[in-house]
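What follows is a single structure, written as structure tokens, with notes after it.
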Amino acid sequence: MQGFDSGVLAWGEHEELGVLAELFDQPEEQEWQERALCAQTDPEAFFPEKGGSTREAKRICQGCEVRAECLEYALGHDERFGIWGGLSERERRKLKKRAV
Ligand code: SF4
């Protein structure tokens, strides 16, 4: 019989499932992400190719009610790629430097 049977998972796989469960069990982070305006738009705009335009993503961020939470998350998790909280990777780096 085919199907999910936890009995067939190796020990390491059980550990990975535990880590995933922890990641998804953080109500505060889930809460703001559910209100993320970018979730209703084209995600590619937020991860442009090198040298690509960030204007559209930043415009969307301007109207996002969880912009502050998003930026805080990106800074706290050292997110390297994409537009977060209306700032590009370079702008976030500058902001971090200024804060030090
Ligand atoms: S601030 Fe921008 S990147 Fe962050 S959740 Fe809102 S729309 Fe998405």
Side-chain angles (χ1 to χ4, degrees):
M1 186 177 114
Q2 294 284 330
F4 181 77
D5 177 3
S6 63
V8 299
L9 291 175
W11 169 243
E13 289 171 308
H14 276 295
E15 270 187 326
E16 282 171 25
L17 287 177
V19 170
L20 280 179
E22 260 177 47
L23 275 176
F24 287 105
D25 192 27
Q26 295 176 358
E28 275 176 34
E29 284 176 11
Q30 269 181 353
E31 203 262 327
W32 73 259
Q33 286 172 3
E34 279 168 12
R35 291 184 287 138
L37 204 53
C38 53
Q40 301 159 33
T41 61
D42 176 13
E44 282 184 27
F46 290 82
F47 294 93
E49 295 285 318
K50 198 170 180 181
S53 174
T54 58
R55 189 185 297 177
E56 179 59 15
K58 287 179 176 178
R59 191 188 62 77
I60 294 167
C61 291
Q62 291 293 329
C64 180
E65 62 177 289
V66 293
R67 190 173 164 200
E69 289 92 333
C70 174
L71 183 57
E72 194 180 328
Y73 177 90
L75 294 173
H77 290 78
D78 207 20
E79 288 289 349
R80 300 258 164 99
F81 303 104
I83 306 298
W84 291 75
L87 298 185
S88 67
E89 179 196 345
R90 206 170 68 183
E91 290 164 335
R92 291 196 304 276
R93 259 203 322 265
K94 274 190 195 168
L95 187 67
K96 260 193 164 179
K97 268 192 192 164
R98 261 190 270 145
V100 172

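All ligand and atom numbering here is 1-based and tracks the order in the structure. Everything numeric in this text was worked out from a predicted model, so none of it was measured.
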Please tabulate, for the side chains in residues 60-68, all donor-acceptor contacts under 3.5 angstrom to protein atoms that are two or more places apart in sequence or on a different chain.
from: E65; atom 1: OE1; to: R35; atom 2: NH1; distance (Å): 2.7
from: R67; atom 1: NE; to: G85; atom 2: O; distance (Å): 3.0

- Task: Please list, chain by chain and in numerical order, all residues satisfying side chain to side chain contact (heavy atoms under 4.5 Å, CB included) with D78, sequence neighbours excluded.
- Result: R80, K96
- Item | Residues that E79 engages under side chain to side chain contact (heavy atoms under 4.5 Å, CB included), provided they are two or more places apart | Y73, A74, H77, W84, R92
- Task: Around atom 8 (Fe) of ligand 1, list the protein N/O/S atoms within a radius below 2.8 Å, excluding water molecules.
- Result: C38 SG
- Message: Looking at R59 and E56, is any side-chain nitrogen of the basic one under 4.0 Å from a carboxylate oxygen of the acidic one?
- Response: yes
- Query: Does the side-chain contact (heavy atoms from CB on, under 4.5 Å) test come out yes or no for E69 and E72, once each step is laid out?
  - Reply: CA-CA 5 Å; E69 289 92 333; E72 194 180 328; 5.5 Å; no
- Message: Heavy-atom count check: over 12 atoms from other residues, nucleotides or ligands less than 6.0 Å from F47 CZ?
- Response: yes
